[in-house]
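Quick notes on the structure that follows.
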Amino acid sequence: VVSADDAPYKTNAAVKTAADILKAAMEQAAATVEANTATAEDADNLRRLAKDVVNAINGETSTTIALDSLITKAEETWLQAYGTDAVADESKKLVTEADDNDPEHCQFYCNCPYPNNKYANLIDGNLNSYFFSLHNRNHGTPPEGYHYLQVDLKDNATDAFVFRFGRNPSWPTFPWKTVDIYVSNDSTEWTYIERLTNLPTGTDVTYYDSKAVILWQQYRYIRFEVAETASNSPIVGGGPAFCIGEFQVYKAKSADSSPYSTNEDVKAAADNLYAALPQARIKKQDKTATEEDLNNLRSLLDTLNDLLTNP
């Protein structure tokens, strides 16, 4: 029996290699079964080799899969060092231009602004001025999807941020409650980051600082899609209208009490690990990772882990 010419075994060298290794292991396994000397380790090895064949057919290798797992662990460990309670860096305000008469000097954009609303109101320091998305379909074209506010950070692209939302006291039912965050570097191709839920909507909350949103690489554009507001009404087009008194995006910084801020060795190790992650992600995507790549990333991860365990 021979493999068909169009079978993965004939058309994909990685599949052929993995399959040949599996075949040899199966022959050896058959001998151990016959001799009644098979062990649990033999069975685990056979399962791993079989998975390698499946992964090769699917275009994955065991190295790529191992790298994916290692990247996840690296991100988790880095966050442990940096702290999940990162805060706004008050010295790095990322939105400074909101000229409604000059798009080149306005960092805001909404897909459905209410007529005559001003983006300048979002950064004027006055909660009694506000910005409204379209809340009456007779005054504009309702969007097919959610209403959103978009920010162009221009030369201040960031890899981690906190946004600050100010409530307008005259419109207590319109603040954001659930927001989907997307990012881009060309304002055309967007990457979904996460959904923030249960944002405070009580009238006792004047300003709200979000949790730190970690992006893992620099992005210029941030889009905030409003999936739900305090009242979730009125629905105009694909989602509810919203109202904001003030809005700002800050560069995030590690909390003063975090290991990253209190231990220079941890900071250095965390920075080294963070710097290695972009290249690791590229190699995962391109499926070009080697054992050396795994060992290098694992070494950086182990260094940080050891410092966190034994500061």
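With Thr288 contributing its side chain and Lys284 its backbone, the two residues share no donor-acceptor pair below 3.5 Å. Side chain of Asp20 to backbone of Thr17: no donor-acceptor contact under 3.5 angstrom is found. Formation of a donor-acceptor pair under 3.5 Å by the Asn121 side chain with backbone atoms of Tyr130 is found in this model. The backbone N or O of Lys73 sits less than 3.5 Å from a side-chain atom of Thr77, completing a donor-acceptor pair. In this structure, Gln248 contributes its side chain and Val162 its backbone to no donor-acceptor pair below 3.5 Å. No side-chain donor-acceptor contact under 3.5 Å links Thr229 to the backbone of Pro175. With hydrogens and angles ignored, the 3.5 Å screen pairs no side-chain donor or acceptor of Tyr119 with any backbone N or O of Ala98. Checking side-chain atoms of Asn111 against main-chain N and O of Tyr148 turns up a donor-acceptor pair under 3.5 Å. Checked by atom type and distance alone, the side chain of Thr32 never pairs as donor or acceptor with a backbone atom of Thr37 at under 3.5 Å. With Asn168 contributing its side chain and Ile244 its backbone, the two residues share no donor-acceptor pair below 3.5 Å.
Salt bridge Lys253/Glu90: absent, no basic N to carboxylate O contact under 4.0 Å. Between Asp159 and Lys251 there is a salt bridge, with a side-chain nitrogen of the basic residue lying less than 4.0 Å from a carboxylate oxygen of the acidic one. Salt bridge present: Lys154 and Glu97 bring a charged side-chain N and a carboxylate O closer than 4.0 Å. The pair Glu291-Arg298 fails the salt-bridge criterion, with no side-chain N (NZ, NE, NH1 or NH2) lying under 4.0 Å from an Asp/Glu carboxylate O. In summary, Arg164 and Asp209 engage in a salt bridge, as defined by a charged side-chain N under 4.0 Å from a carboxylate O.
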(request) Could you please spell out the steps behind the side chain to side chain contact (heavy atoms under 4.5 Å, CB included) verdict for Asp180 and Arg195? (result) CA-CA 4 Å; Asp180 292 328; Arg195 167 169 283 198; 2.6 Å; yes
(message) Evaluate Val87 against Tyr250 for side chain to side chain contact (heavy atoms under 4.5 Å, CB included), listing each step before the verdict.
(response) CA-CA 9 Å; Val87 297; Tyr250 295 87; over 6 Å; no
(message) The test is side chain to side chain contact (heavy atoms under 4.5 Å, CB included); show your working for Leu301 and Leu70 and say whether it passes.
(response) CA-CA 9 Å; Leu301 175 58; Leu70 201 56; 3.8 Å; yes
(message) Would Asp293 and Leu67 count as a side chain to side chain contact (heavy atoms under 4.5 Å, CB included) here? Give the steps.
(response) CA-CA 8 Å; Asp293 295 323; Leu67 180 61; 5.5 Å; no
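Counting only heavy atoms from C-beta outward, the side chains of Tyr207 and Arg167 never approach each other to under 4.5 Å. In this structure the side chain of Phe161 reaches within 4.5 angstrom of the side chain of Leu215, judged on heavy atoms.
Each of Phe242, Phe131, Phe224 was scored for a ring pair (Phe, Tyr, Trp, His ring centres under 6.0 Å) with Phe247, with one residue passing: Phe224.
Taking the six-membered ring where the residue is Trp, Phe165 and Trp176 present tilted rings, their angle falling between 30° and 60°. Classified by interplanar angle (parallel below 30°, tilted 30° to 60°, perpendicular above 60°), the ring pair Phe132/Trp171 is perpendicular. The aromatic rings of Tyr208 and Phe163 stand perpendicular to each other, their planes meeting at an angle above 60°, with 30° marking the opposite boundary.
When all heavy atoms are compared, the tightest approach of Ala212 to Ala252 is CB-CB, 4.1 Å. Nearest heavy-atom pair across Val236 and Pro143 is O-CD, 3.8 Å. Counting all heavy atoms, side chain and backbone alike, Ile235 lies closest to Pro240 at CD1-N, 3.7 Å. The two residues Leu277 and Leu297 make their nearest non-hydrogen contact at CD2-CD1, 4.4 Å.
A donor and an acceptor atom, one from each side chain of Thr39 and Asp42, are located under 3.5 Å apart. When only modelled atom types and interatomic distance are considered, Ser184 and Asp186 share a side-chain donor-acceptor pair under 3.5 Å.
Under the 6.0 Å distance and 45° angle rule, Arg223 does not count as a cation-pi partner of Tyr182.
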